[in-house]
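Remember, it's 1-based here, ligands and their atoms both numbered in the order they're listed.
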Amino acid sequence: MSETQNKIPEHVAIIMDGNGRWAESRGLARFEGHKAGTENLRQIIKTSVEFGVKHLTIYAFSTENWGRPKEEVNGLMTILETVIDRELNELNTEGVRICHIGRLEAMPKRVRSKVEHAVQLTQKNDRLILNVAWNYGGRDEIVHAIQEIVREGTTVEQVTEELVSQHMYTQCSPDPDLIIRTSGEMRLSNFLIWQSAYSEWYATATLWPDFNKEEFQKAIDAYGQRKRRFGKR
Ligand code: IPE
Ligand code: IPE
Ligand code: MG
């Protein structure tokens, strides 16, 4: 086994971008792109387990995505519900723990209770931790953390990096080692802005529905070549 194959990131986070362009390039409605993207996710979850990745975080709906046409937002909510209904038992059997990151309270009630059920049902699993970022925004997360810290009556001296980390939504996982963005965009788009301080970045022009096992392997290999210094020598 080569040296690169040995270096598997413990936590991979993915900005699953490009569903709309994938659909439009085929003359299909954007909704079809989101459906294809969801199908692809199933494969990527399986591959993560195969590769030995322990934590997978997926950016599925941002706090800014509410600004899209109502029809698209509703379509995405329906997809989330359908995915939970269809996949939950299998994911649970396979030992996947589902954690949600983002503001649950702003989500439609039915979707919210399905997410809560999925989190509760899988809480003892530990083969793969799957963080689903839904109604997630990094700035919103920081605001939420500050609100909680103030609410708890914390003194100035008690505010440390560790304390702030403890108030982030990402309580199921350590900081991501590798962040992948598909579709060629080179920006954070409000994803994990606190946790990504020392994450390695990988961008590919491949659109999310086409991001397959081979593409995933390329990202893992690129990660294996990186030298992480964390500011040290
Ligand atoms: C990513 O695909 C999924 C979400 C943001 C919900 P997009 O819908 O952003 O696809 P593009 O970027 O328009 O191609
Ligand atoms: C980021 O993609 C959010 C998700 C993948 C869920 P966007 O398509 O919303 O980001 P921008 O608008 O291109 O920055
Ligand atoms: Mg996009």
Checklist entry - S183 near ligand 1, heavy-atom distance under 4.0 Å? => result no
When you check the gap from the basic side-chain N to the acidic O, do [X] and [Y] get nearer than 4.0 Å?
| X | Y | value |
| --- | --- | --- |
| R112 | E116 | yes |
| R21 | E24 | no |
| R42 | E90 | no |

Checking a contact table here: which protein heavy atom is nearest [atom], and how many Å away?
| atom | value |
| --- | --- |
| atom 2 (O) of ligand 2 | R181 NH2, 3.6 Å |
| atom 14 (O) of ligand 2 | S189 OG, 2.6 Å |
| atom 12 (O) of ligand 2 | R187 NH2, 4.6 Å |
| atom 13 (O) of ligand 1 | R30 NH2, 3.0 Å |
| atom 10 (O) of ligand 1 | G20 N, 2.9 Å |
| atom 1 (C) of ligand 1 | M16 O, 3.1 Å |

Checklist outcome for this item: Nearest heavy-atom contact between N125 and I129 is O-CD1, 4.2 Å
Checklist entry - Can you find a non-hydrogen atom of E185 under 4.0 Å from ligand 2? => result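 Contact check E185 vs ligand 2: negative.
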Show the atoms of ligand 1 that are less than 4.0 angstrom away from any heavy atom in [X].
| X | answer |
| --- | --- |
| A60 | 6 (C) |
| H34 | 3 (C), 8 (O) |
| R68 | 5 (C), 7 (P), 8 (O), 9 (O) |

Just distances here: any N/O of [X] and N/O of ligand 2 closer than 3.5 Å?
| X | answer |
| --- | --- |
| D17 | yes |
| Y59 | no |
| S62 | no |

Item to check | Pair E152, Q158: side-chain N/O donor-acceptor within cut-off below 3.5 Å | outcome: no
Checklist entry - Among side-chain atoms of W208 and S183, is any donor-acceptor pair under 3.5 angstrom? => result no
Next on the checklist: Using side-chain contact (heavy atoms from CB on, under 4.5 Å), reason through T63 and N135 one step at a time and then give a plain yes or no.
Outcome noted: CA-CA 5 Å; T63 46; N135 193 21; 3.6 Å; yes
Checklist entry - So, is F61 polar-close to ligand 1, with some N/O to N/O distance under 3.5 Å? => result no
Next on the checklist: Does ligand 1 come near enough to R21 that some N or O of the ligand is less than 3.5 Å from an N or O of the residue?
Outcome noted: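 Yes, there is a polar N/O contact under 3.5 Å.
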Checklist entry - Given the rule in the side chain to side chain donor-acceptor pair (under 3.5 Å) test, do N65 and S62 qualify, once you have shown the distances and angles that lead to the verdict? => result CA-CA 5 Å; N65 289 149; S62 75; 3.2 Å; yes
Item to check | Plane angle bin for W66 and F61 - parallel if under 30°, tilted between 30 and 60°, otherwise perpendicular | outcome: perpendicular
Next on the checklist: Below 30° counts as parallel, above 60° as perpendicular, anything between as tilted: where do the rings of Y136 and Y59 land?
Outcome noted: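 Answer is perpendicular, since the angle exceeds 60°.
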Checklist entry - What part of N65 sits under 4.0 Å from ligand 1 if we count only heavy atoms: the side chain, the backbone, both or neither? => result side chain
Next on the checklist: Run the side chain to side chain donor-acceptor pair (under 3.5 Å) test on Q217 and D221 for me, step by step, so that the C-alpha distance in whole Å, both residues' side-chain angles and the decisive distance to 0.1 Å come before the verdict.
Outcome noted: CA-CA 6 Å; Q217 181 71 60; D221 289 346; 3.0 Å; yes
Next on the checklist: What is the name of the N/O/S atom of D17 that is nearest to the Mg ion (ligand 3)?
Outcome noted: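 Result: OD1.
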